[in-house]
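Structure first, commentary second.
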Amino acid sequence: MKKALLNFFERIEPDKAKSPLLHTAYDAFFTFAFTPDTVTAKGVHIRDGMDLKRTMVTVVVALQLLYVFGTYNIGNQHFHALGMYTGTFEAIHLKIFYGLVKILPIFVVTHVVGLGVEFYYAAKKGHAVEEGFLVSGALIPLIMPPDIPLWILSVAIIFAVVIGKEAFGGTGMNILNIALLARVFVFFAYPTYISGDEVWIAGIEKVGAGAYAGQEYGGIYGILDSIFGSFGWATFGEGKQAVVDGFTGATPLGLAAKGGWAAVTEHYTVSDMWWGHIPGSIGETSKPLILLGALMLVFTKVADWRIMVSAIVGFVACGLMINGIAPDTFGPETDGIFKFMAVPWYYHFYMGSFFFAMAFMATDPVTGASTATGKWIYGFFIGFIGLIIRILNPAYPEGWMLAILFMNVFAPLIDHYVFEANVNRRAKRQAALAKARGEQ
Amino acid sequence: MGEFINIFIKSAFIENMVLAYFLGMCSYLAVSKSVNTAFGLGLAVIFVLGVTMPINWLINEYLLSETGLFGQDLTFLRFILFIAVIASMVQLVEMVVEKFSPALYSALGIFLPLITVNCAILGGSLFMVSREYNLSNSIAFGLGGGFGWFLAIIAIAAIREKIRYSDVPPALRGLGMAFILTGLMGIAFMSLMGIDPAVFAGPK
């Protein structure tokens, strides 16, 4: 099997001189399938003799469970909003296929556009294609809302890869996290598609002021229906159903920002939030699966535990501080922000995307601090600033994306001063030693 | 005291002089090649902003306004007087730096006297007038604005030291990269925009 594959690859290898673009593409897929005998030699993230691609693939593997759950949850949230199939496993084939119809185009467009840009630059600069986009490409679909228009996604990815990475000289040289840069671009340039209450559940259309209905199923859903029908399973049907009473589509954080914890528990139970049966970006909702992926990254030493631990420490410190200054009693006219401030800090773990950001975004070895002490400082401030943005900044629903970008900017500065302190300490120690020797 | 801290935080992080208003770009782009010089220039800007702001406030309030010493509306003299105060403060800083840190003095070169025309500083004084700050507010605004400028310049200097080893496309090396970086840092600083530090004081 392995030999046959290798033979096949050798047979189809294009001529490098005649068609550089084709050879670049070939090289990329070859090294994906086989470990090449060359190791990555350049870039700031080199830590051992492992090829960079293996590091990246580990992250991609850690994300797979989130893809599975995210696909299911897109469908689950869609049918939940319509009041159909409310059981967890009820009509699971409909939920999964509905999710696939949403997530596959996002996934494909992300990779075609992102890798297209990478291939273009690789061919133009005349080096093998760099692996950097593997991880970004796996992360980007997970942090987008399920209904994101594909052209916006493409524009964002081109911006992130060209301005955020290629301008800095390619993989391993970027200052800001590519996946977050793509998301922040959508966030500021097309805010109606990525924030607010109406974007997090797929296939729910607004049909008037405060009135919503399900989407019309047709095309691909009709084909799926005829397949499911032949097995005698439940089918999508016509669509256009009414949503359940009191539907708003709001995420737990959106509710908490208006009415505090009481408003959240009206709509969602704690176990729903913990297991991820809530609306949100595709991959951010299920906390246990994220923690599983995080543990995998820690055990394979791909991600640094220091950043994760210090981010939690910063999170708790900031939560305690904000709880401390929040008022105890509310009048009828109290602003929502004070109710939000009074939400106990440990409940904040259930809402939003803290774990996802901490495990997969903050630990990016390229854009984070690279010294051990620096990592503690870097992670602490991510936790601290992120919660400040989440609670105290009414303009943004969630803070981790912006907090991580904010600290990405300061990571080189933190490293600089950690290095300098280290140099000074060693110089002092050497001076003391020399003095001791001189006196003997 | 609460208001003092409020204005300090706001002017340093939320309405950062460089990354939100894009003021003071000239020396920000020119002197941010190494962290140590950027650090020195940043301190000089904090000092100049922190000192000129209250002096300008006093001038504006007691010399130029109609209720002031001359009893006439002399606000058309505002620019000249503000710049004069700033220039004299910068002269002071220049002498101090030359005396105590000749290495920094030569590293900063022309950009040390050019703090005078750093628009963050004159801009700060004019913001102070248009926002009708009182004396303690203007001290907080001066120190906070200076601190924000200081943070921005040492952050970009550290990044520029780091990307010196990167394979930046030739057309972008130097200032081109600095502009792209400033834009990206501006995106990152948008994270804090919109926070109202007044919530720390609790509901009204």
Side-chain angles (χ1 to χ4, degrees), chain A residues 42-44 121 124-125 127 163-164 166-170 172-176 180-181 184-185 187-188 321-322 325-327 330-331 333-335 337-338 340-341 370 385-386 388-389 391-396 399-417 420, chain B residues 2 5-6 9-10 13-14 16 18-19 32 34-36 38-39 42 150-173 176-204:
Chain A
K42 274 198 305 189
V44 292
Y121 273 96
K124 194 153 182 165
K125 286 180 176 172
H127 59 64
I163 304 289
E166 295 302 338
F168 288 84
M173 307 295 185
N174 47 308
I175 298 297
L176 300 181
L180 290 179
L181 199 57
V184 86
F185 181 83
F187 189 82
F188 285 128
M321 183 195 86
I322 289 178
I325 56 173
F330 309 115
E333 273 119 54
T334 314
D335 280 340
I337 190 169
F338 295 111
F340 200 7
M341 282 160 71
S370 52
I385 295 174
I388 283 189
I389 299 171
I391 300 177
L392 298 181
N393 197 339
Y396 309 132
W400 308 109
M401 167 180 74
L402 292 157
I404 291 172
L405 289 176
F406 189 81
M407 288 315 293
N408 281 170
V409 166
F410 285 103
L413 186 69
I414 295 171
D415 276 347
H416 178 93
Y417 282 112
E420 206 163 75
Chain B
I5 295 171
N6 188 338
I9 291 177
K10 206 166 183 171
F13 296 102
I14 299 165
N16 189 295
V18 182
L19 299 170
S32 56
S34 95
V35 176
N36 293 334
F39 188 88
F150 166 81
L151 262 189
I153 196 173
I154 56 173
I156 198 180
I159 296 176
R160 286 180 77 174
E161 276 192 0
K162 187 179 169 188
I163 63 171
R164 199 175 298 152
Y165 305 102
S166 303
D167 180 23
V168 175
L172 288 178
R173 278 178 201 153
M177 215 55 235
F179 275 110
I180 290 180
L181 270 175
T182 312
L184 293 177
M185 287 169 71
I187 292 180
F189 263 77
M190 280 175 84
S191 53
L192 300 172
M193 243 175 253
I195 294 179
D196 183 4
V199 296
F200 287 111
K204 282 168 218 90

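Excluded from the calculations below are hydrogen atoms, water molecules and symmetry mates; all remaining heavy atoms, backbone and side chain alike, are included. The structure displayed is predicted, hence computed values, not measured ones. Throughout, a chain's letter reflects where its sequence line sits, starting with A, and its residues are numbered from 1.
Leu151(B) touches chain A through backbone and side chain together, each having a heavy atom under 4.5 Å away. For Ile163(B), the part lying under 4.5 angstrom from a heavy atom of chain A is the side chain only. Both the backbone and the side chain of Leu392(A) come within contact range of chain B, each with at least one heavy atom under 4.5 Å from a heavy atom of that chain. If you measure heavy-atom distances from Met177(B) to chain A, the contacts under 4.5 Å come from the side chain alone. For Ile163(A), the parts lying under 4.5 angstrom from a heavy atom of chain B are both the backbone and the side chain. In this structure, chain B has no heavy atom under 4.5 Å from any part of Met407(A). Residue Tyr417(A) touches chain B through its side chain alone, counting heavy-atom pairs closer than 4.5 Å. Phe168(A) touches chain B through backbone and side chain together, each having a heavy atom under 4.5 Å away. Looking at Leu181(A), the atoms closer than 4.5 Å to chain B (heavy atoms on both sides) all sit in the side chain, from C-beta outward. Of the atoms belonging to Leu180(A), not a single heavy atom falls under 4.5 Å from chain B.
A 4.5 Å side-chain heavy-atom check between Asn36(B) and Glu420(A) finds at least one atom pair inside the cut-off. Using a 4.5 Å cut-off on side-chain heavy atoms (C-beta onward), Val409(A) and Ile159(B) make contact.
Closest of all the heavy-atom pairs between Ser166(B) and Met173(A) is OG-SD, 3.5 Å. In terms of heavy atoms, Asn393(A) sits closest to Met193(B) at ND2-O, 3.0 Å. Counting all heavy atoms, side chain and backbone alike, Ile180(B) lies closest to Ala167(A) at CD1-CB, 4.2 Å. When all heavy atoms of Pro412(A) and Ala158(B) are compared, the closest pair comes out as C-CB, 3.6 Å. Residues Phe406(A) and Ser191(B) approach most closely at CD1-OG, 3.7 Å, considering heavy atoms.
In the displayed structure, Lys125(A) atom NZ is contacted under 6.0 Å by more than 12 heavy atoms of other residues, nucleotides or ligands. Within a 6.0 Å sphere centred on OH of Tyr165(B), heavy atoms belonging to other residues, nucleotides or ligands number 12 at most.
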Quiz item: Stepwise, does the side chain to side chain contact (heavy atoms under 4.5 Å, CB included) test hold for Ile389(A) with Leu192(B)?
Solution: CA-CA 7 Å; Ile389(A) 299 171; Leu192(B) 300 172; 4.1 Å; yes
Quiz item: How far apart are the C-alpha atoms of Met190(B) and Tyr396(A), what are their side-chain angles, what is the distance that settles it, and do they pass the side chain to side chain contact (heavy atoms under 4.5 Å, CB included) test?
Solution: CA-CA 10 Å; Met190(B) 280 175 84; Tyr396(A) 309 132; 4.1 Å; yes
Quiz item: What's the verdict on side chain to side chain contact (heavy atoms under 4.5 Å, CB included) for Ile385(A) and Phe13(B), showing C-alpha distance, side-chain angles and the deciding distance?
Solution: CA-CA 12 Å; Ile385(A) 295 174; Phe13(B) 296 102; over 6 Å; no
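Comparing Ile154(B), Leu181(B), Leu172(B) by heavy-atom pairs within less than 4.5 Å of chain A, the highest count is held by Ile154(B).
For the atom pair CZ of Phe39(B) and CG of Leu413(A), the computed distance is 9.5 Å after rounding to the nearest 0.5 Å. In this structure, the separation between CD1 on Ile388(A) and CD1 on Ile195(B) is 6.5 Å, given to the nearest 0.5 Å. One finds the CG atom of Leu402(A) at 10.0 Å from the CD1 atom of Ile187(B) (value rounded to the nearest 0.5 Å).
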